[in-house]
Amino acid sequence: MSAIVAFDLSKRSTGWALWEQGSDSARFGTWVLGSEYTSRGATYRKLRQHVADLSRLVTIEHIFFEEPLRPEQLKGHTNIESLRVLTGLAATAECLGEELGCRTVTAVHNKTWRALFIGRQKRGTGRETLKDLAKERCRQLGMKPRNDDEADAIGLLTYGCEALGIQTPWTKDEILRPPLGISQ
């Protein structure tokens, strides 16, 4: 069976989620790709190793990952070095998709997948609030992510399946979505 994979890319905590078409639920987890002492190259190699391990278990046909921040979006703890790492991780994901012969390899802006997964939020909604809403949404769907990176990966996976026109088992029986957070 073919699999759809989503990544919330980060050096310290990459969330991943995978769903094999025909299975009842998604699998998800977190990978540590490096620390402040890990070179960019070693970080990209670690992502490559983890994806290779996944690809030995399932046939990955589709990859979705969160689009890296742009320089004008710098704030908080994010600095130019973080942007370089995120851009490199995105490029590595694209390269892996090519090497694996994936049919789809797509970067998705965080506002795009969040609008589908948690609903549109008012401008200025804080990062922590968005992360909490993603975790809450996962709980509504019967999943228990251990952290916000896993929750974001599940959100990306849900978006990716929807973009492919595939109904997931975790959203199949949903009739009315309970409201989350601050909607427009």
Go through it in stages, so that I can follow the logic: the residues are R137 and I154, the test is side-chain contact (heavy atoms from CB on, under 4.5 Å), and I'd like the CA-CA distance, side-chain angles, deciding distance and then a yes or no. CA-CA 10 Å; R137 181 73 182 124; I154 293 166; over 6 Å; no

Just do the side-chain contact (heavy atoms from CB on, under 4.5 Å) check on E67 and V108 with the steps written out, would you? CA-CA 5 Å; E67 186 177 283; V108 182; 6.0 Å; no

List the steps, then state whether side-chain contact (heavy atoms from CB on, under 4.5 Å) holds for L156 with F7. CA-CA 7 Å; L156 276 159; F7 302 118; 6.0 Å; no

Checking Y44 against L89 for the side-chain contact (heavy atoms from CB on, under 4.5 Å) test, could you report, in this order, the C-alpha distance in whole Å, the side-chain angles of both residues, the deciding distance, and whether it holds? CA-CA 6 Å; Y44 310 148; L89 287 170; 3.8 Å; yes

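With sequence neighbours excluded, the residues forming a side chain to side chain donor-acceptor pair (under 3.5 Å) with T158 are W170, listed by chain and number. Every residue meeting the salt bridge (Lys or Arg N to Asp or Glu O under 4.0 Å) condition with R139, not counting sequence neighbours, appears here in chain and number order: E136.
By the 4.5 Å heavy-atom criterion applied to side chains, V5 and H62 are not counted as neighbours. Looking at L9 and P68, their side chains never come closer than 4.5 Å, going by heavy atoms from C-beta outward. Between T104 and E61, every side-chain heavy-atom pair lies at or beyond the 4.5 Å cut-off. The side-chain heavy atoms of L157 and L18, taken from C-beta on, include no pair separated by under 4.5 Å. C95 is listed as a side-chain neighbour of R48, based on a closest heavy-atom distance under 4.5 Å. With a 4.5 Å cut-off on side-chain heavy atoms, F64 and I4 count as touching. When side chains are defined from C-beta on, L33 counts as touching H50, because their heavy atoms get closer than 4.5 Å. Considering only heavy atoms from C-beta on, V51 comes within 4.5 Å of I60 through its side chain.
Counting all heavy atoms, side chain and backbone alike, A153 lies closest to A6 at O-CB, 3.5 Å. When every heavy atom of V105 is checked against every heavy atom of G97, the shortest pair comes out as CG2-CA, 3.5 Å. The two atoms that bring E66 and D8 nearest to each other are OE2-OD1, 3.7 Å, heavy atoms only. Heavy atoms only, all atoms of each residue included: S23 and P169 are closest at O-CG, 3.4 Å. Considering all non-hydrogen atoms of both residues, A93 and L47 come closest at N-CD2, 4.4 Å. In terms of heavy-atom proximity, T38 sits nearest to G34 at OG1-CA, 3.3 Å.
Looking only at distances, a side-chain donor or acceptor of N147 sits under 3.5 Å from a matching main-chain atom of E150. Side-chain atoms of K172 never come within 3.5 Å of backbone atoms of Q167 as a donor-acceptor pair (strictly under, hydrogens ignored). A donor-acceptor contact shorter than 3.5 Å is absent between the side chain of W113 and the backbone of F117.
Between W16 and W31, the angle of the ring planes stays under 30°, which puts this pair in the parallel group of the 30/60° scheme.
Here the CG-SG distance, from D152 to C138, works out to 8.0 Å after rounding to the nearest 0.5 Å. Atoms CG and CG, from D148 and D132 in turn, are 8.0 Å apart once rounded to the nearest 0.5 Å. Considering CD of E128 and CG of L133, their distance stands at 11.0 Å, rounded to 0.5 Å. In this structure, CD in E99 is found 5.5 Å from CG in L96, a value given to the nearest 0.5 Å.
Taking a 6.0 Å sphere around NZ of K46, one finds it holds 12 or fewer heavy atoms contributed by other residues, nucleotides or ligands. Residue E98 places its CD atom among 12 or fewer non-hydrogen atoms of other residues, nucleotides or ligands, all under 6.0 Å distant.
Evaluation of the salt bridge (Lys or Arg N to Asp or Glu O under 4.0 Å) test over residues 23-43, restricted to residues two or more places apart or in two chains, returns R12-E36, E20-R27, R40-E81.
T14 and D149 share no side-chain donor-acceptor pair at under 3.5 Å. If you check the side chains of T171 and T168, you find a donor sitting under 3.5 Å from an acceptor.
Linking Ile, Leu, Val, Met, Phe, Trp and Tyr residues whenever their side-chain heavy atoms come within less than 4.5 Å leaves V32 and F28 in two separate clusters.
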